[in-house]
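What follows is a short report on a single structure.
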Amino acid sequence: MNGKWQGWAATGAILMIVFGGFKAISGFIGLFNDQWIVHGYTGYYFVDISALAWWYLIVGVILLLAGFAVLNGKAWGRWVGVVAAGIAIISELMWLPIYPIWSILLITLYIFVMIGLIAVRSEE
């Protein structure tokens with residue numbers, strides 16, 4: 001990773017590691033404690049909480065691995081990161097009726113991660 005977009009890619013990788021860690025932790029906790037996830041008064045879940053916990057654990061681990069791959073300069077890590085960030089955006093849509101401000105903030109940050117990872121490719 002050389003060029004002026006190197007900082008964007010590194011920032012995207014660090015954000016993926018942080019977000020992936022938090023998603024993996026919340027998924028791991030959700031596996032053992034179904035009551036840990038709070039239901040809001042305006043939103044309803046159409047998926048089992050244990051399935052959602054597994055989903056968060058898998059997406060979190062993928063984000064973690066892709067973030068470390070990008071920091072190590074692997075080209076495949078950027079593309080896995082872009083796909084994982086897109087999947088994370090879709091998974092944040094489930095929280096939109098319950099935590100709208102938090103969901104919109106995370107979706108915006110995931111978009112910045114995607115921009116940082118895609119912009120590196122255009123410089124090579």
Side-chain angles (χ1 to χ4, degrees):
M1 266 189 301
N2 294 327
K4 66 180 182 176
W5 293 99
Q6 181 178 357
W8 277 93
T11 303
I14 291 170
L15 284 174
M16 280 195 306
I17 291 169
V18 170
F19 294 155
F22 284 133
K23 271 200 183 303
I25 289 170
S26 60
F28 188 72
I29 291 172
L31 287 176
F32 296 107
N33 186 4
D34 288 345
Q35 300 302 318
W36 181 75
I37 298 176
V38 179
H39 297 278
Y41 62 93
T42 59
Y44 299 100
Y45 288 105
F46 298 104
V47 67
D48 185 26
I49 298 300
S50 60
L52 184 64
W54 277 109
W55 175 257
Y56 270 30
L57 185 64
I58 291 168
V59 171
V61 168
I62 291 172
L63 282 170
L64 273 169
L65 294 176
F68 284 122
V70 170
L71 282 181
N72 286 327
K74 307 291 184 195
W76 61 266
R78 292 194 315 256
W79 297 111
V80 170
V82 168
V83 171
I87 291 171
I89 288 173
I90 293 169
S91 69
E92 288 302 323
L93 292 176
M94 289 190 291
W95 290 101
L96 196 59
I98 300 166
Y99 300 116
I101 295 173
W102 181 250
S103 295
I104 291 171
L105 176 70
L106 282 178
I107 289 170
T108 304
L109 288 173
Y110 282 124
I111 289 172
F112 282 126
V113 166
M114 293 172 78
I115 289 171
L117 296 176
I118 293 171
V120 174
R121 183 71 179 156
S122 65
E123 283 292 315
E124 294 180 346

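Please read these numbers as outputs of a predicted model, since none were measured by experiment.
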Residue pair Leu63 / Phe22, side-chain heavy-atom distance below 4.5 Å: no
Co-membership, hydrophobic cluster, residues Trp76 and Ile87, 4.5 Å side-chain: no
Path from Val61 to Phe32 over hydrophobic side-chain contacts below 4.5 Å: no
Hydrophobic cluster identity match, Phe112 and Val83, side-chain contacts under 4.5 Å: yes
Atom of Val70, atom of Ala9 and distance for their closest heavy-atom approach: CG1-O, 3.7 Å
Phe68 CZ to Asn72 CG distance, which is reported to the nearest 0.5 Å: 9.0 Å
Where Arg78 and Leu117 come nearest, the two heavy atoms and their spacing: CD-O, 3.6 Å
Contact check, side chains of Ile17 and Leu71, non-hydrogen atoms, under 4.5 Å: yes
Over all atoms of both residues, closest heavy-atom pair of Ala24 and Leu57: O-CD1, 3.4 Å
Lys74 vs Val80 side-chain heavy atoms within contact, under 4.5 Å: no
From Trp102 atom CH2 to Ile107 atom CD1, the distance as rounded to the nearest 0.5 Å: 12.0 Å
Shortest non-hydrogen separation from Gly30 to Ala53 and the atoms involved: C-CB, 3.6 Å
Side chain to side chain, Ile89 and Leu106, heavy atoms closer than 4.5 Å: no
Joint cluster assignment, Leu96 & Ile90, ILVMFWY side-chain distance < 4.5 Å: no
Tyr56 vs Ile29 side-chain heavy atoms within contact, under 4.5 Å: no
Closest heavy-atom pair and its distance - Lys23, Gly60: CB-CA, 3.8 Å
From Met16 atom CE to Leu109 atom CG, the distance as rounded to the nearest 0.5 Å: 13.5 Å
Spacing of CH2 belonging to Trp55 relative to CE belonging to Met94, to within rounding of 0.5 Å: 7.5 Å
Atom CD1 of Ile101 with >12 non-hydrogen neighbours under 6.0 angstrom: no
Exercise: identify the closest heavy-atom pair between Gly12 and Val113: O-CG1, 3.9 Å
Cluster check Ile62, Leu15: I/L/V/M/F/W/Y, side chain < 4.5 angstrom: no
